[in-house]
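What you are looking at is a predicted structure, and each value in this text was computed from that prediction instead of being measured. Proteins get letters first, then strands, A, B, ... in listed order; numbering begins at 1 in each.
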Amino acid sequence: MSLAPPEGKSSTATELRKSTHFSSGHDARDPIIFEIESEEPLNLDITLSSGQTFRWEKEDSDWWRGFIKGNRVFIRQTKTNNPSFRLECKTSPTIEKSTLIEEYFNLNKNYKNIYSFFEKDPILKAATMKYRGLRLLSQEPWEMLISFILSSASNIPRIKGNIQRLCEEFGEQKFDVFGAYHSFPTSKALASASVNDFKKLGFGFRASYVWDTSLKVAEDRGYFSKLATLSYSEARQELCKLPGVGEKVADCVLLFGLDRLESFPVDTWIKKIVERCYFSGKAIPAKKLAEFGREKFGKYAGVAQQYLFEYARGMEIE
DNA sequence: GACCAGGTCATCA
DNA sequence: TGATGACATGGT
C-alpha cells in the first residue's frame, strides 16, 4: 500500500506496506503487521507514555493496550527506524486498520520539516534529539475535553485512574474477540449522572465541572463539528465558556482533539522550562507564555510544546 | 503526614 | 492586567 502525500504533508511519500494474513480463518488475535518505510521516525513507547493520552497501558509482553476511535487496539513496535519501522496491531477484524493507525499516529504529517524547523532553537534541538519519534496523536475531542478537565491540579497517575473509573462506571460495555471492555462514556451518559456520582469516583472539585460541561455538550448537538469550523481563537473562546475549561484546557482540546498545531498549552512544566530557558528564570504569567509560544513556534507551536513538556519532565526525573 | 499535582474561578488592588 | 487563595483528594 502506497500512500501519496497529501498537499502540505510529507514529501517523503510514507510507504505503508501491510503484510496481512487475511486469508480465510484469520483471527483478530493474530497481529496485522505494518512495515512502514519512512525517514520520519515513530517511537511508540515515548508517544504512548507522553501525557497526551491517558488510556494506554503497556503489558508485560511489550504490547500496548488502548483505544482508537472507540475500538480496543493492541499494538507494539518490533523495529525502530533504520530505515523503516514496524508496527504490529491487533483489533476487531471489521476495522480498516491501516487508516486507523495512520490517522491516529499522524503518519503522514511531515515531521522532517518540523525537526528542521526546531534545529534553529537550541532547547528544541536538544529535546528533539532526546525524544525523537514522539508524535502528536489525533484523539477524540470529547474524550480530550473531559480528560483535561480532570487534569486540573492533578497528576498523570491520578488522571488515568479517574478516567478508568469513569469508563467502567458510565461507559458502554462492549465485547470484541479479546473479551469485554468499556468505551469512553458519551456526554449524554455523563449528563444523566450526578455531581455526587463523580465525587464518589474521586474527582474532588472537578466533579461539578465534569457534570456541567457534559450537560452543555449533550444539549448542543454537533458541538465539536461546529467547533471545527471556527478559527483557532474563536474555538478557544468557545471552549472557555464551558465550566472547568480555561485557556490551558482549551488549548489541550484544540491540540490533541482537533489537530490545531498552533495552540500552545501552558501548564506547570511548560511554565517552568520556558521561563528558565527563554526568560532567564523570570516569572511570566501563563497567558503571556502562551502568546510567546504561539508567536515563536508558529504553526508548530503544539509540537514544540509536547517536546518541551517531555524535556522538562525528563530534567526533573534525572 | 506533609507536599504537590498537565488549572479554574472569584476577588481584590 | 496581574496576584492570591480556595477548591478536594489521591499519589508519592
Side-chain angles (χ1 to χ4, degrees), chain A residues 46-57 127 131 134 136-137 139 141 143-166 168-169 194-217 236-258 260-261 263-276 279 282-294 301-318:
Chain A
I46 290 177
T47 300
L48 294 182
S49 55
S50 64
Q52 58 180 312
T53 181
F54 303 101
R55 288 213 295 157
W56 285 95
E57 291 296 336
Y131 297 102
L134 164 62
L136 256 64
L137 301 170
Q139 303 180 76
E143 183 172 336
M144 292 299 96
L145 177 58
I146 295 302
S147 300
F148 281 99
I149 286 176
L150 287 172
S151 79
S152 282
S154 189
N155 54 63
I156 292 175
R158 185 179 175 190
I159 300 164
K160 289 176 93 163
N162 284 162
I163 293 170
Q164 192 185 331
R165 288 194 290 280
L166 185 73
E168 283 166 3
E169 199 67 32
S194 70
V195 173
N196 208 35
D197 287 333
F198 298 145
K199 287 204 166 167
K200 284 182 195 157
L201 299 180
F203 291 5
F205 64 84
R206 307 162 198 84
S208 59
Y209 293 158
V210 169
W211 187 74
D212 285 342
T213 286
S214 298
L215 204 60
K216 288 202 169 183
V217 173
R236 192 174 192 249
Q237 233 176 339
E238 200 58 39
L239 278 162
C240 285
K241 290 178 185 168
L242 297 171
V245 180
E247 293 181 339
K248 192 268 171 182
V249 171
D251 275 332
C252 286
V253 176
L254 289 166
L255 180 59
F256 303 124
L258 291 159
R260 299 295 178 93
L261 294 192
S263 69
F264 190 81
V266 176
D267 70 330
T268 51
W269 294 102
I270 293 297
K271 184 167 163 60
K272 210 182 287 183
I273 194 166
V274 173
E275 284 174 348
R276 178 173 158 182
F279 292 91
K282 192 179 166 219
I284 310 285
K287 200 181 182 71
K288 295 281 176 202
L289 292 175
E291 284 167 14
F292 165 81
R294 290 197 298 272
V303 187
Q305 183 273 168
Q306 196 58 31
Y307 275 84
L308 290 172
F309 176 75
E310 287 307 314
Y311 196 60
R313 289 207 307 163
M315 282 164 68
E316 191 86 357
I317 292 160
E318 281 158 11

Check: In terms of the nearest nucleotide of DNA chain B, which residue is placed more toward the 5' end: A:F256 or A:P243?
Finding: A:F256
Note to self: Using heavy-atom distances to pick each residue's nearest nucleotide on DNA chain B, tell me which of A:V266 and A:C240 is more 5'.
What the structure shows: A:V266
Base, sugar-phosphate, or nothing: which does [X] touch, judged by heavy atoms less than 4.0 Å apart?
{"X": "A:K271", "answer": "nothing"}
{"X": "A:G51", "answer": "base"}
{"X": "A:Q52", "answer": "base"}
{"X": "A:E310", "answer": "nothing"}
{"X": "A:L255", "answer": "nothing"}
{"X": "A:I159", "answer": "nothing"}
{"X": "A:V245", "answer": "sugar-phosphate"}

For [X] and [N], what is the distance between atoms [atom1] and [atom2] respectively, to the nearest whole Å?
{"X": "A:L145", "N": "B:dT8", "atom1": "CG", "atom2": "C1'", "value": "14 Å"}
{"X": "A:K282", "N": "C:dG2", "atom1": "NZ", "atom2": "P", "value": "10 Å"}
{"X": "A:E247", "N": "C:dT1", "atom1": "CD", "atom2": "C1'", "value": "13 Å"}
{"X": "A:N162", "N": "C:dG11", "atom1": "CG", "atom2": "C1'", "value": "11 Å"}
{"X": "A:I156", "N": "B:dG7", "atom1": "CD1", "atom2": "C1'", "value": "14 Å"}
{"X": "A:K160", "N": "B:dA5", "atom1": "NZ", "atom2": "P", "value": "19 Å"}
{"X": "A:W269", "N": "B:dA5", "atom1": "CH2", "atom2": "C1'", "value": "9 Å"}
{"X": "A:F54", "N": "C:dG10", "atom1": "CZ", "atom2": "P", "value": "18 Å"}

Notebook entry, point to check: Nearest to the side chain of A:N155, which nucleotide is it out of C:dT12, B:dA5, C:dA3?
Noted result: B:dA5
For nucleotides 6-9 of chain C, tabulate all protein N/O to nucleotide N/O atom pairs closer than 3.5 Å, reporting atom names and distance.
unit_1: C:dA8; atom_1: O4'; unit_2: A:F205; atom_2: N; d: 3.2
unit_1: C:dA8; atom_1: N1; unit_2: A:R206; atom_2: NH2; d: 3.4
unit_1: C:dT9; atom_1: O4'; unit_2: A:R158; atom_2: NH2; d: 3.3
unit_1: C:dT9; atom_1: O2; unit_2: A:R158; atom_2: NH1; d: 2.5

Next item on the list: Please check if the distance between the ring centroids of A:F256 and A:F148 is under 6.0 Å.
Entry: yes
Notebook entry, point to check: Can you check whether A:Y209 and A:F203 have ring centres sitting under 6.0 Å from each other?
Noted result: no
Checklist line | A:E291, CD atom: more than 12 neighbouring heavy atoms under 6.0 Å | finding: yes
Under 3.5 Å, is there a donor-acceptor pair between the side chain of [X] and the main chain of [Y]?
{"X": "A:R158", "Y": "A:N155", "answer": "no"}
{"X": "A:D197", "Y": "A:S194", "answer": "yes"}
{"X": "A:Y307", "Y": "A:L134", "answer": "yes"}
{"X": "A:Q52", "Y": "A:L255", "answer": "no"}
{"X": "A:T213", "Y": "A:V210", "answer": "no"}

Notebook entry, point to check: Quick one: salt bridge (Lys or Arg N to Asp or Glu O under 4.0 Å) partners of A:K241, sequence neighbours excluded?
Noted result: A:E238
Item checked: Dot-bracket summary - DNA chain B, pairs being Watson-Crick or G-U whose distances fall under 3.5 Å, with | when paired to another strand -> .||||.|||||||
Check: What integer number of Å spans the P atoms of B:dT8 and C:dG11?
Finding: 22 Å
Next item on the list: Write down the distance separating the P atoms in C:dG5 and B:dC3, rounded off to the nearest Å.
Entry: 16 Å
Item checked: Charged N-O contact under 4.0 Å between A:K282 and A:E275 -> no
